[in-house]
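Scroll down for the structure; my scribbles are underneath it.
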Protein chains: 2
Amino acid sequence: MRRESRDRPPAVEAPPSDCGPEAAKARRDALSPTERERVERTVSDLLGLLGRAHTMAVLKEFAFAGEPLRFSELEERLGTPPNTLSERLKELTEAGLLTRRAYDEVPPRVEYETTPKARALFPAFGHFYRWAEDHDLDSGVER
Amino acid sequence: MRRESRDRPPAVEAPPSDCGPEAAKARRDALSPTERERVERTVSDLLGLLGRAHTMAVLKEFAFAGEPLRFSELEERLGTPPNTLSERLKELTEAGLLTRRAYDEVPPRVEYETTPKARALFPAFGHFYRWAEDHDLDSGVER
DNA sequence: CAGAATCCCAATTGATACTG
DNA sequence: CAGTATCAATTGGGATTCTG
């Protein structure tokens with residue numbers, strides 16, 4: 001797999017053999033029809049979930065925070081309206097990607113924490129960040 | 001927690017050093033303030049772009065196809081309404097992720113092809129696929 | 001006080017018909 | 001075939017209100 005023109009620091013140039021598209025394609029072809037169908041459905045469900053406003057931004061926040069976050073922290077960092085944020089957090093919790101823990105205190109405190117299932121997703125977000133170091137969107141300008 | 005236990009090793013749990021969140025976090029801290037700000041903005045622009053209906057599904061289709069795709073192929077494979085698909089393709093093209101080539105033929109033919117910039121994004125989609133092999137979304141109760 | 005619920009309006013998306 | 005045009009349906013944003 002090639003790399004774009006960059007004068008960028010070394011990092012690790014070799015893309016992980018684990019998440020390249022060719023690898024995924026090969027793996028897909030190796031699946032049984034039944035299992036493959038399940039995987040396809042899961043992928044499209046996942047993309048459907050991630051493809052709602054603020055959802056990926058929320059996950060990215062958790063990925064970089066590396067610790068539980070409170071509703072108000074997310075609200076502040078993302079600038080997401082409370083009703084929308086509330087809905088996204090509910091969806092992510094129902095999907096099994098976050099757990100919600102309410103502490104019976106004054107003032108009240110609710111913490112959301114990622115599940116292993118969500119953390120297994122994080123490398124993709126790390127990749128987006130990595131991508132952003134080497135690229136820009138729009139204008140066709142390839143720094 | 002439905003099918004968390006599989007006959008496959010975790011694998012995804014150990015993120016590749018290249019796109020793991022820790023690596024990204026460390027890299028972020030190493031950036032100059034200016035560059036870091038640009039990267040942050042690019043990431044959120046990217047997530048904004050990807051977070052529209054069907055956008056990631058379109059890119060996934062290209063990632064697995066590995067070749068140019070026509071409007072009708074995408075429409076058929078994704079079941080996306082033509083106006084929405086049209087808009088998404090326009091956005092992706094303007095973002096520099098796709099190129100559009102129209103052939104002067106009868107019947108008309110238009111092919112969309114990924115740019116290197118888009119292909120640099122594909123490992124993330126491969127990762128989503130990989131994730132789906134080991135996980136499921138526990139779709140919660142309907143609203 | 002955190003945050004869930006509600007209402008209302010704007011923006012996005014979907015379904016379908018239609019055109020070059 | 002590859003889109004537009006149009007209109008209905010769904011979703012998101014902002015302000016406000018309610019509750020523990």
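Keep in mind that this is a model prediction, so the values were computed, not measured.
In this structure, Lys90(B) reaches the dT4(D) phosphate: one of its side-chain N or O atoms is under 4.0 Å from OP1 or OP2. Between Ser86(A) and dA4(C) there is a side-chain N or O to OP1 or OP2 distance below 4.0 Å. Taking 4.0 angstrom as the limit, Ser72(B) places none of its side-chain polar atoms (N or O) nearer than this to OP1 or OP2 of dC1(D). Within the 4.0 Å cut-off from OP1 or OP2 of dC1(C), not a single side-chain nitrogen or oxygen of Tyr103(A) is found. Between dG3(C) and Arg100(A), no contact under 4.0 Å exists linking OP1 or OP2 to a side-chain N or O. For the pair Thr84(A) and dG12(D), the criterion of a side-chain N or O lying under 4.0 Å from OP1 or OP2 is not met.
For Arg52(B), counting side-chain heavy atoms from C-beta on, the closest listed nucleotide (dC1(C), dA2(D), dT13(C)) is dT13(C). Proximity note for Val110(B) (side chain, C-beta onward) versus dG12(D), dA2(D), dA4(C): the nearest is dA2(D). Distance from the side chain of Ala53(A) is smallest to dG12(D) among dC1(D), dT6(C), dG12(D). The listed nucleotides are dG20(C), dA15(C), dG20(D); the one nearest the side chain of Pro108(B) is dG20(C). Out of dG14(D), dC1(D), dT13(C), the shortest distance to the side chain of Pro81(A) is found at dG14(D).
Thr114(A) and Arg119(A) share a donor-acceptor pair across their side chains, judged by distance under 3.5 Å alone.
The distance from atom CG of Leu89(B) to atom P of dT4(D) is 10 Å, rounded to the nearest whole Å. In this structure, the CG atom of Asp104(A) is 12 Å from the P atom of dG20(D), given to the nearest Å. One interatomic measurement links the two molecules: CD of Glu91(B) to C1' of dA11(C), which rounds to 13 Å at whole-angstrom precision. Distance CZ (Arg109(A)) to C1' (dG3(C)): 15 Å, rounded to an integer number of Å. For the pair Arg70(A) CZ and dC1(C) P, the computed distance is 13 Å after rounding to whole Å. As a whole-Å value, the separation of Glu87(B) CD from dT6(D) C1' is 14 Å. The CG atom of Leu74(B) sits 13 Å away from the C1' atom of dC1(D) (whole-angstrom rounding). With rounding to whole Å, Glu75(B) atom CD is found 12 Å from dA15(C) atom C1'.
Ion pairing between Arg109(A) and Glu111(A) holds under the 4.0 Å rule for side-chain N and carboxylate O.
Taking the nucleotide of DNA chain D with the nearest heavy atom to each of His54(A) and Phe71(B), the more 5' of the two is matched to Phe71(B). Toward the 5′ end of DNA chain C lies the nearest nucleotide of Pro82(A), the other residue of the pair Pro82(A) and Gly51(A) mapping further downstream.
Note: Phe125(A) and Phe122(A) have perpendicular aromatic rings, judged against thresholds of 30 and 60 degrees for the angle between ring planes.
Partners of Phe62(B) under the ring-ring contact (aromatic ring centres under 6.0 Å, His included) rule, at least two apart in sequence or in another chain, do not exist in this structure.
In this structure, the separation between CD on Glu61(A) and CD on Glu76(A) is 10.5 Å, given to the nearest 0.5 Å.
Transitive grouping of hydrophobic side chains (ILVMFWY, heavy atoms separated by less than 4.5 Å) brings Leu31(A) and Trp131(B) into a common cluster.
The base of dG14(D) sits within donor-acceptor range of the side chain of Asn83(A), with an N or O pair under 3.5 Å.
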